[in-house]
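Everything numeric in this text was worked out from a predicted model, so none of it was measured. In what follows, every heavy atom counts, from backbone to side chain, and hydrogens, waters and symmetry copies are set aside.
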Number of protein chains: 2
Amino acid sequence: MNYNTTEINRQLRKSGFRVTPQRQLILDAVYKLGEHVTPEAVYDYVHRIAPTLSRATVYRVLHFLTEQRILAMVYMADGHLAYEMAGAEPHHHLVCRTCDSLFELPHSVLRSFRQTMDTQYDFEIDVSHLSFFGHCTDCRDSTGA
Amino acid sequence: MNYNTTEINRQLRKSGFRVTPQRQLILDAVYKLGEHVTPEAVYDYVHRIAPTLSRATVYRVLHFLTEQRILAMVYMADGHLAYEMAGAEPHHHLVCRTCDSLFELPHSVLRSFRQTMDTQYDFEIDVSHLSFFGHCTDCRDSTGA
DNA sequence: TTCCTTATTGCGAAAATTCCCAATAAGGCG
DNA sequence: CGCCTTATTGGGAATTTTCGCAATAAGGAA
Ligand SMILES: [Mn+2]
Ligand SMILES: [Mn+2]
Ligand SMILES: [Zn+2]
Ligand SMILES: [Zn+2]
């Protein structure tokens, strides 16, 4: 999979935003680094290539690209934010508060919930990457014992 | 509504934790300050009464009381964490990414979703206070126009 | 290609949050 | 009531994230 640079750039310009080398490099970093990429990992990556690119820009651009639905952000078990490409089929997380283990949830299980929000509240939930916290099979017993 | 101090203390001690004046004061602060209380607001409150109580302790105790299900934490529109008492009937949020407006969601709308997670994944989602981000009635049109 | 407008960046300071560790003090036990 | 174990705190440093603003440069128009 390779993201369509030309299409993304066109989209940004059409919305009045600018395509800067910083934005392109940061997006590329997230793409190359894979899933659940932290701002610090992005900074390390881009810093080698563009040593003057500042941390502030990394944070700003990650936030910006998320607003543009080009990236998806996700809360990890430690409460920190991570990012990844927002393409294709999203997936979600079940995060155990006790053992920190992480289970992936297919997008399909959210369909009916989204639909309910849509029809009953006229609210379109952004489902690019959700995290639900709770307790997994192994840990849910030990709590109530 | 008044929370049961005696019962909470007993519960904590039974689990091997200690009931400290700091923990009691911080819990009291959240209770008195109401919904969506930020760590800084808690610090300001307790600092007047106990000037040596440190910020680190505020963060630690808020986190701790959340683990103990005495408090509930919630992500606000600005991405920051807030806390509130975890008692009785929970409610949830629909937060618009465009206009930052916040709609309250009754607990009931999550029932079927929780049940699905429970039966299909044997995962007990903690529903003390969830936030769903997306786009509200007014803002969802302007996006696709 | 050059010019202009203004979106975006870099940098340093500020703010928010976490970490570390020696000092403190709960609370169980005798 | 004292003693001991060890959970918890205070305080400051470290880390993470945000802010403010002057300098820069994207890109539309001429
Ligand atoms: Mn994921
Ligand atoms: Mn709320
Ligand atoms: Zn678990
Ligand atoms: Zn809105």
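- Applying the ring pair (Phe, Tyr, Trp, His ring centres under 6.0 Å) rule to B:His36 yields the partners B:His93, B:His129; only residues at least two apart in sequence or on another chain are considered.
- Ranking C:dT18, D:dG11, C:dC11 by closeness to the B:Thr52 side chain, first place goes to D:dG11.
- Within residues 73-80 of chain B, no residue has a heavy atom under 4.0 Å from DNA chain D.
- In this structure, B:His63 places its NE2 atom 15 Å from C1' of D:dT8, rounding to the nearest Å.
- If you take CZ of B:Arg55 and P of C:dA16, they are 8 Å apart, rounded to a whole angstrom.
- For A:Ser54 and C:dC11, the shortest distance from a side-chain N or O to OP1 or OP2 is not below 4.0 Å.
- Contact annotation: A:Thr57 reaches the phosphate of C:dG10 (side-chain N/O to OP1 or OP2, under 4.0 Å).
- Computed from coordinates, the B:Tyr43 OH to D:dG11 P distance equals 9 Å when rounded to whole Å.
- The ring pair (Phe, Tyr, Trp, His ring centres under 6.0 Å) check on A:Phe132 picks up B:Phe113, with sequence neighbours excluded.
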field: Contact letters for nucleotides 19-30 of chain C, in which S counts primed atoms plus P, OP1 and OP2 and B counts the base, heavy atoms under 4.0 Å
entry: BB----BBS---
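- Scanning for ring pair (Phe, Tyr, Trp, His ring centres under 6.0 Å) contacts around B:His80 gives an empty result, with sequence neighbours left out.
- With the end axes of the helix from C:dT1-D:dA30 to C:dG30-D:dC1 each set by five pairs, the angle from one to the other reads 30° at 10° resolution.
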task: Test ring pair (Phe, Tyr, Trp, His ring centres under 6.0 Å) on A:Tyr3 and A:Tyr31 and set out the steps.
output: CA-CA 8 Å; A:Tyr3 63 98; A:Tyr31 173 68; 5.0 Å; yes
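- Put simply, NZ on A:Lys14 is 17 Å from C1' on D:dG27, counting in whole angstrom units.
- The nearest whole Å value for the distance from the CG atom in B:Leu53 to the P atom in D:dG12 is 15 Å.
- C:dA16 atom P lies 6 Å from atom CD of B:Glu40, rounded to whole Å.
- For residues 104-117 of chain A, the set of pairs meeting the salt bridge (charged side-chain N to carboxylate O under 4.0 Å, His left out) definition, not counting sequence neighbours, is empty.
- Linking Ile, Leu, Val, Met, Phe, Trp and Tyr residues whenever their side-chain heavy atoms come within less than 4.5 Å places A:Leu25 and A:Leu27 in a single cluster.
- A salt bridge (charged side-chain N to carboxylate O under 4.0 Å, His left out) check over residues 17-31 of chain B, counting only residues at least two apart or in different chains, returns the pairs B:Asp28-B:Lys32.
- Between the CG atom of B:Leu81 and the P atom of D:dT17 there is a distance of 13 Å, rounded to whole Å.
- Applying the ring pair (Phe, Tyr, Trp, His ring centres under 6.0 Å) test to B:Tyr45 and every residue at least two apart in sequence or in another chain returns nothing.
- With sequence neighbours excluded, the residues that form a side chain to side chain contact (heavy atoms under 4.5 Å, CB included) with A:Leu81 are A:Met73, A:Tyr75, A:Tyr83.
- Taking atom OH on A:Tyr59 and atom P on D:dC19, their separation rounds to 13 Å, with Å as the unit.
- Within the structure, every pair that satisfies the side chain to side chain donor-acceptor pair (under 3.5 Å) test and touches residues 55-68 of chain A, not counting sequence neighbours, is listed here: A:Glu40-A:Arg55, A:Ser54-A:Thr57, A:Thr57-A:Arg60.
- Scored by the side chain to side chain contact (heavy atoms under 4.5 Å, CB included) test, A:Ala41 finds A:Leu33, A:Val37, A:Thr38 as partners (sequence neighbours excluded).
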